[in-house]
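In this chain, residues are counted from 1 in sequence order.
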Amino acid sequence: MSHPTPGVPNWVDLGTADLPDATRFYTQLFGWEADVSGEEYGGYTTFRLHGRAAAGAGPLYGEGQPTAWSTYVATDDADEIAARVEAAGGKVLVAPFDVMFQGRMAAFLDPAGAPFSVWQAGTMKGADVFDVPGALTWNELTTRDVEGSAAFYGSVFGWVARESSMGGLPYIVWEHQGATIAGMQAMDGDDWPDDLSPHWMIYFAVRDCDESVALAQSLGGRVAHPPTDLPIGRYAVLDDPQGGTFSILQSANA
């Protein structure tokens, strides 16, 4: 992706309580190389897959902030998106600000409580490798308010929520300008703990789901949901050693 498409998720990064250990874990799990920035960027690390930007990671800055992955949606105007978020009932957590010459970002909460961010590209465009082992392959909103979320993201980004199914269960796909760009899952039923907040889940592609799960465990990770088959492939949900939750997906077409 040489030019980010506005309204499409194009970057993910990890805020972690232990950046050196997270770097050890993810570089060994996905074969990433760690490109550590200077002090002016707080040691922010860009993970590269064969030299191409795949994801990022940085230290936690807020007291009590949990280790977590964040989804970024590309935009041409972070300030305009911030205004739309507020108008649609969301909350601005971090107002738009410049990250040197890299770009401009902001962080928000949707009305149901799911955090997300936007990235207005400068010299840093976002990820430039997708849908191959070790790269981002899917972003999925998990929420207790499907109808409200459909209205909110439609107003902010122009997304259209289309009903679908996944493994025989109801599922929503997000479409933007006719292209499928993300998913949405309802947090209903007994499978979702009451204390689990709405969130954006990220999926990294892997060649072999079971082998990747075993490797993650050997590196100090934990299995939050075991390998499971879906029509699109085989997936699992993992926690890194600091508690950052993410998913892996072995495509059925691999």
Student: May I ask you to decide if Ala34's main-chain N or O and Thr45's side chain share a donor-acceptor pair within less than 3.5 Å?
Tutor: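 Answer holds: no.
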Student: Between Asp239, Asp240, Leu238, which is the residue that forms a side chain to side chain contact (heavy atoms under 4.5 Å, CB included) with Arg222?
Tutor: Asp239
Student: Asp188: which residues meet the salt bridge (Lys or Arg N to Asp or Glu O under 4.0 Å) condition with it, sequence neighbours left out?
Tutor: none
Student: Tell me which pairs pass salt bridge (charged side-chain N to carboxylate O under 4.0 Å, His left out) where either residue lies in residues 85-99, with sequence neighbours left out.
Tutor: Asp98-Arg104
Student: Listed by chain and number, what are the salt bridge (Lys or Arg N to Asp or Glu O under 4.0 Å) partners of Asp18, not counting sequence neighbours?
Tutor: none
Student: Going by the rule side-chain hydrogen bond (donor to acceptor under 3.5 Å, both in side chains), which residues pair with Tyr72 if we only count those two or more places apart in sequence or in a different chain?
Tutor: Asp13
Student: Provide the full list of salt bridge (charged side-chain N to carboxylate O under 4.0 Å, His left out) pairs with a residue in residues 106-122, sequence neighbours left out, each pair given once.
Tutor: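 Not a single pair qualifies under salt bridge (charged side-chain N to carboxylate O under 4.0 Å, His left out).
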Student: Of all heavy-atom pairs between Thr67 and Ala17, which one has the smallest distance, and what is that distance?
Tutor: OG1-N, 3.0 Å
Student: Has the side chain of Thr46 got a donor or acceptor atom that lies under 3.5 Å from a matching backbone atom of Ala53?
Tutor: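 Checking the backbone N and O of Ala53 against the side chain of Thr46, no donor-acceptor pair under 3.5 Å is found.
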Student: Which pairs with one or both residues in residues 207-234 pass ring pair (Phe, Tyr, Trp, His ring centres under 6.0 Å), sequence neighbours excluded?
Tutor: His225-Tyr235
Student: Does a side-chain heavy-atom distance below 4.5 Å link Ile81 with Asp77?
Tutor: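 Counting from C-beta outward, Ile81 and Asp77 never come under 4.5 Å.
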Student: Please examine the side chains of Ile181 and Thr5, heavy atoms only from C-beta on, and report whether any two atoms are closer than 4.5 Å.
Tutor: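 No, their side chains stay 4.5 Å or more apart.
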Student: Between Phe108 and Val92, is a side chain to side chain contact (heavy atoms under 4.5 Å, CB included) present by the stated rule, with each step listed?
Tutor: CA-CA 5 Å; Phe108 311 105; Val92 177; 3.9 Å; yes
Student: Would you list the pairs meeting salt bridge (charged side-chain N to carboxylate O under 4.0 Å, His left out) in which at least one residue belongs to residues 145-166, sequence neighbours left out?
Tutor: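 Only Arg162-Glu175 qualify under salt bridge (charged side-chain N to carboxylate O under 4.0 Å, His left out).
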Student: Between atom CD of Gln185 and atom CD1 of Ile172, what is the distance when rounded to the nearest 0.5 Å?
Tutor: 10.5 Å
Student: Could you check Leu141 against Ser149 for side chain to side chain contact (heavy atoms under 4.5 Å, CB included), going step by step and ending with a plain yes or no?
Tutor: CA-CA 9 Å; Leu141 174 64; Ser149 296; 3.9 Å; yes
Student: Is there side-chain contact between Trp32 and Thr23, with heavy atoms separated by less than 4.5 Å?
Tutor: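 They are not in side-chain contact.
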Student: Under the side chain to side chain contact (heavy atoms under 4.5 Å, CB included) test against Val213, which residue among Val223, Asp208, Val237 passes?
Tutor: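 Of the listed options, the one satisfying the test is Val223.
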Student: Should the ring pair Phe246 and Phe30 be called parallel, tilted or perpendicular, given that the plane angle runs from 0 to 90° and is split at 30 and 60?
Tutor: perpendicular
Student: Which atom names give the shortest non-hydrogen contact between Met184 and Ala161, and what distance separates them?
Tutor: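 Scanning both residues completely, I find the closest heavy atoms to be CE-CB, 4.4 Å.
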Student: Please name the pair of heavy atoms, one in Pro66 and one in Leu60, separated by the smallest distance, quoted to 0.1 Å.
Tutor: O-CD2, 3.7 Å
Student: Let me confirm one number: the CG-OH distance from Asp21 to Tyr26, rounded to the nearest 0.5 Å.
Tutor: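 Reported to 0.5 Å precision, the distance equals 10.5 Å.
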Student: With Trp174, which of Phe157, Trp159, Trp138, Phe152 fulfils ring pair (Phe, Tyr, Trp, His ring centres under 6.0 Å)?
Tutor: Trp159
Student: Are Trp69 and Asn139 packed together at the side-chain level, in the sense that at least one heavy-atom pair is separated by less than 4.5 angstrom?
Tutor: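 Answer no - side chains too far apart.
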Student: Just jot down the side-chain hydrogen bond (donor to acceptor under 3.5 Å, both in side chains) partners of Ser212, sequence neighbours excluded, or say none.
Tutor: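 Expected list: none.
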Student: Using a 3.5 Å cut-off and no angle test, enumerate the donor-acceptor pairs between side-chain atoms of residues 195-206 and protein atoms at least two apart in sequence or in another chain.
Tutor:
residue, atom, partner, partner atom, Å
His199, ND1, Ser197, O, 2.8
Trp200, NE1, Tyr153, OH, 3.1
Tyr203, OH, Glu140, OE1, 3.1

Student: Between Ser218 (side chain only) and Leu215 (backbone N and O only), is there a donor and an acceptor less than 3.5 Å apart?
Tutor: yes
Student: Taking distance alone, no hydrogens or angles, what donor-acceptor pairs closer than 3.5 Å link side-chain atoms of residues 111-120 to residues at least two apart or in another chain?
Tutor:
residue, atom, partner, partner atom, Å
Trp119, NE1, Met124, O, 2.9
Gln120, OE1, Ala78, N, 2.9
Gln120, NE2, Asp76, O, 3.4

Student: Check salt bridge (Lys or Arg N to Asp or Glu O under 4.0 Å) between Glu211 and all other residues, then give those that pass, not counting sequence neighbours.
Tutor: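 So Glu211 forms no salt bridge (Lys or Arg N to Asp or Glu O under 4.0 Å) with any residue.
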Student: Just jot down the salt bridge (Lys or Arg N to Asp or Glu O under 4.0 Å) partners of Asp210, sequence neighbours excluded, or say none.
Tutor: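 Partners of Asp210 under the salt bridge (Lys or Arg N to Asp or Glu O under 4.0 Å) test: Arg234.
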Student: To the nearest 0.5 Å, what is the distance between CD on Gln250 and CD1 on Ile232?
Tutor: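 Reported to 0.5 Å precision, the distance equals 11.5 Å.
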